[in-house]
Student: 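Can you keep this structure in mind? I'll have questions shortly.
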Amino acid sequence: MAKVTLKGVYKRFPNNVEAVKNISLEIKDEEFLVMVGPSGCGKTTTLRMIAGLEEVSEGEIFIGDRQVNDVPPKDRNIAMVFQSYALYPHMKVYDNMAFGLRLRGLPKKEIDQRVAQAADILDLEDLLERLPKQLSGGQKQRVAVGRAIVRQPQVFLMDEPLSNLDAKLRVQMRAELQKLHHRLKTTMIYVTHDQVEAMTLGHRIAVILNGELQQVENPLSVYGKPINRFVAGFIGSPPMNFIEGELKQQGEEVSFVADGFKIIILKNLVEHVREYIGKEVVFGMRPENIWDAPSAGWLKEDEKVSYEAKVDFRELMGSETYLYAKFHNIPIVARVGSMTDVSHGSMFPLVFDMRKIHLFDPKTLKAIL
């Protein structure tokens, strides 16, 4: 297997648009790295440069210890799975999986062995004689993955491979991909705009915006300690609540204040925000850290603050409910218990967990806390 290294990589298109800007990143051997970001952020272009399907405008790409900038895609020892299944409609599953191996001139016995092994891993043994039109979406995607597996590459590249599947199949295929990586122990680079896929699949997540890397860390670090406001708002569903206001000090108490809304900064956090006292900041809190009173009963009194908000609507999720509400003119999304009975337009007390606050610089957008 092999690590993949990008050093100062740029991609410029003829109209002077920089799709990728100075990306430096090392994907470790056997790592499952997920590139995530909004549509058009440059993640697929980065993947295509690693594959050799796009030329690098500036910088270097290494697979293992070999620089591959000028190496043709077929000689990079990688395999790519696309968003579209790209199966040959006139070929049976076996032939779709074996086609690339035949082009490379491998003996029939070895081709049979590789296809059989991949079919066993992906539970495709009973489908080898079917045509693609006789397969479900999930089965087609497994065949596309199987076609990559038989090549026994150093690196798997996956470009939004689950986006054409329905919600239930996506969940199943995420589990299958995790098991596949555990079994193959191959370096995998996975591109998606779905932050749920990123959180559940990646050993590390590389968050990209406008062609630039924002943060590269393990999922819990990206979720719990976002480096800037974009990452905080992009990772998490529903997204983080943001409120613009000011840090004020009265005596020894430091608080975030906005339109009648006040959150006291816990004493152990004051030193981290002292230089912003008297300045404007952006307050952030995830919906799952805003509770109904019964659910927040376990919090200590000095760790919470309660405000009544006017309910706009609720979103029933089965095991939980999301309330979309307003405090004065401040929109708030909160997670409350599944049995919470609340009606449109009613006032409802929401409890904020003061241990879980985030603060951002309104100009640089970088995280303060």
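This chain uses plain numbering: 1 for the first residue, then up along the sequence. Values below: all heavy atoms of this structure, side chains included; hydrogens, waters and symmetry mates excluded. This structure is a prediction, so every number in the text was calculated from the model and none was measured.
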Student: Can you name the salt bridge (charged side-chain N to carboxylate O under 4.0 Å, His left out) partners of Glu60, sequence neighbours left out?
Tutor: none
Student: Give me the ring orientation class for His90 and Tyr88: parallel if the planes are under 30° apart, tilted from 30 to 60°, perpendicular past 60°.
Tutor: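 Rings of His90 and Tyr88: perpendicular, over 60°.
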Student: Could you report the tightest heavy-atom contact between His203 and Glu31, atom names first, then the distance?
Tutor: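 Result for this residue pair: ND1-CA, 3.7 Å.
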Student: When rounded to the nearest 0.5 angstrom, what is the spacing between CZ in Arg147 and CG in Leu87?
Tutor: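 That separation rounds to 5.0 Å.
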Student: Could you give me the CA-CA distance, side-chain angles and deciding distance for Arg48 and Asp159, then say whether salt bridge (charged side-chain N to carboxylate O under 4.0 Å, His left out) is met?
Tutor: CA-CA 9 Å; Arg48 288 173 63 84; Asp159 186 12; over 6 Å; no
Student: Using only atom types and a distance under 3.5 Å, with no angle test, would you say the side chain of Asn241 pairs donor to acceptor with the backbone of Ile332?
Tutor: no
Student: Enter the distance from Lys225:NZ to Leu369:CG here, rounded to the nearest 0.5 Å.
Tutor: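 Going from NZ on Lys225 over to CG on Leu369, the span is 10.0 Å.
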Student: For a 4.5 angstrom cut-off between non-hydrogen side-chain atoms, does Leu33 reach Leu25?
Tutor: yes
Student: Check whether any side-chain heavy atom of Met97 sits under 4.5 Å from a side-chain heavy atom of Leu124, and report yes or no.
Tutor: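 Yes, at least one pair of side-chain atoms sits under 4.5 Å.
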Student: Mind checking the CD1-CG spacing from Ile149 to Leu180? Nearest 0.5 Å is all I need.
Tutor: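 Here the rounded value is 4.5 Å.
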Student: For the residue pair Thr46 and Val9, establish whether any side-chain heavy-atom pair is separated by less than 4.5 Å.
Tutor: no
Student: According to a hydrophobic-cluster definition based on side-chain heavy atoms being under 4.5 Å apart (Ile, Leu, Val, Met, Phe, Trp, Tyr only), do Val254 and Val282 belong together?
Tutor: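 Per the 4.5 Å side-chain linkage, Val254 and Val282 are not co-clustered.
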Student: Compare all side-chain heavy atoms of Leu106 with those of Arg114 and state whether any distance is below 4.5 angstrom.
Tutor: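 Leu106 vs Arg114: side chains touch.
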Student: Answer yes or no: is there an ion pair linking Lys262 with Glu253, defined by an N-O contact shorter than 4.0 Å?
Tutor: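 Result for this pair is yes, salt bridge flagged.
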Student: Are more than 12 heavy atoms, taken from residues, nucleotides or ligands other than Glu315, located less than 6.0 Å from that residue's CD atom?
Tutor: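 Result for CD/Glu315: enclosed.
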Student: Please identify each residue that fulfils salt bridge (charged side-chain N to carboxylate O under 4.0 Å, His left out) with Glu252, with sequence neighbours left out.
Tutor: none
Student: Testing Lys43, Glu160, Glu197 one by one against Thr192 for a side chain to side chain donor-acceptor pair (under 3.5 Å), which residue passes?
Tutor: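 Single pass found, and it is Glu197.
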Student: Around atom CG of Asp302, are there more than 12 heavy atoms of other residues, nucleotides or ligands at under 6.0 Å?
Tutor: yes
Student: In terms of heavy-atom contacts, does CD of Gln152 have more than 12 from other residues, nucleotides or ligands at under 6.0 Å?
Tutor: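 Enclosed.
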Student: Write down the atom of Thr321, the atom of Gly337, and the distance for their closest heavy-atom approach.
Tutor: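 Answer, listing the atom of Thr321 first, then Gly337: OG1-O, 3.7 Å.
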Student: Salt-bridge test for Asp361 and Lys279: reply yes if a basic N is under 4.0 Å from a carboxylate O, no otherwise.
Tutor: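 Lys279 and Asp361: not salt-bridged.
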Student: Flag the pair Ile235 / Gln215 as yes when at least one side-chain heavy-atom distance between them is below 4.5 Å, and no otherwise.
Tutor: no
Student: Ignoring hydrogens and angles, tell me if any N or O in the side chain of Asn69 forms a donor-acceptor pair with the backbone of Gly59 under 3.5 Å.
Tutor: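 Between the backbone of Gly59 and the side chain of Asn69 there is a qualifying donor-acceptor contact (under 3.5 Å).
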Student: Can you confirm whether Asp341 is buried at CG, in the sense that more than 12 heavy atoms of other residues, nucleotides or ligands lie under 6.0 Å from that atom?
Tutor: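 Atom CG in Asp341 is not packed in, count stays at 12 or less.
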Student: Answer yes or no: is there a side-chain heavy-atom contact under 4.5 Å between Ile357 and Phe256?
Tutor: no
Student: Verify the cluster assignment for Val351 and Val333: are they in a single hydrophobic cluster under the rule of side-chain heavy atoms below 4.5 Å apart?
Tutor: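 No, Val351 and Val333 fall in different hydrophobic clusters.
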Student: Within a strict 4.5 Å, meaning less than it, do heavy atoms of the Ser57 and Lys11 side chains meet?
Tutor: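 Sidechains of Lys11 and Ser57: in contact.
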Student: Would you say that more than 12 heavy atoms from the other residues, nucleotides or ligands in this model lie under 6.0 Å from the CD of Gln67, or not?
Tutor: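 More than 12 within 6.0 Å, yes.
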Student: Has Lys28 got more than 12 heavy atoms of other residues, nucleotides or ligands less than 6.0 Å from its NZ?
Tutor: no
Student: Inspect the surroundings of CG in Asn329 and state if more than 12 heavy atoms from other residues, nucleotides or ligands are less than 6.0 Å away.
Tutor: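 No, the 6.0 Å shell around CG holds no more than 12 heavy atoms from other groups.
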Student: Looking at Ser24 and Gly8, what are the two nearest heavy atoms and their distance?
Tutor: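 Ser24 and Gly8 have their closest heavy atoms at OG-N, 2.9 Å.
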Student: How many angstroms lie between CD in Glu246 and CD1 in Ile277, if you round to the nearest 0.5 Å?
Tutor: 11.0 Å
Student: Ring centroids only, cut at 6.0 angstrom: are Phe352 and Phe327 within range, meaning strictly under it?
Tutor: no
Student: To the nearest 0.5 angstrom, please state how far the CG atom of Leu213 sits from the CE atom of Met35.
Tutor: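 Taking CG in Leu213 and CE in Met35, the distance rounds to 7.5 Å.
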Student: Before accepting this row, confirm whether a basic side-chain N of the pair Arg183/Asp120 lies closer than 4.0 Å to the acidic partner's carboxylate O.
Tutor: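 Answer for the salt bridge query: yes.
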Student: Rounded to the nearest 0.5 Å, what separation is found between the CD atom of Gln214 and the CZ atom of Arg229?
Tutor: 14.0 Å
Student: Taking only residues at least two apart or on different chains, which pairs with a member in residues 122-144 satisfy salt bridge (charged side-chain N to carboxylate O under 4.0 Å, His left out)?
Tutor: Lys92-Glu129
Student: Can you tell me if CG on Asn16 sees more than 12 non-hydrogen neighbours from other groups inside 6.0 Å?
Tutor: no
Student: Any non-hydrogen side-chain atom of Ile243 less than 4.5 Å from a side-chain atom of Ile263?
Tutor: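 Counting from C-beta outward, Ile243 and Ile263 never come under 4.5 Å.
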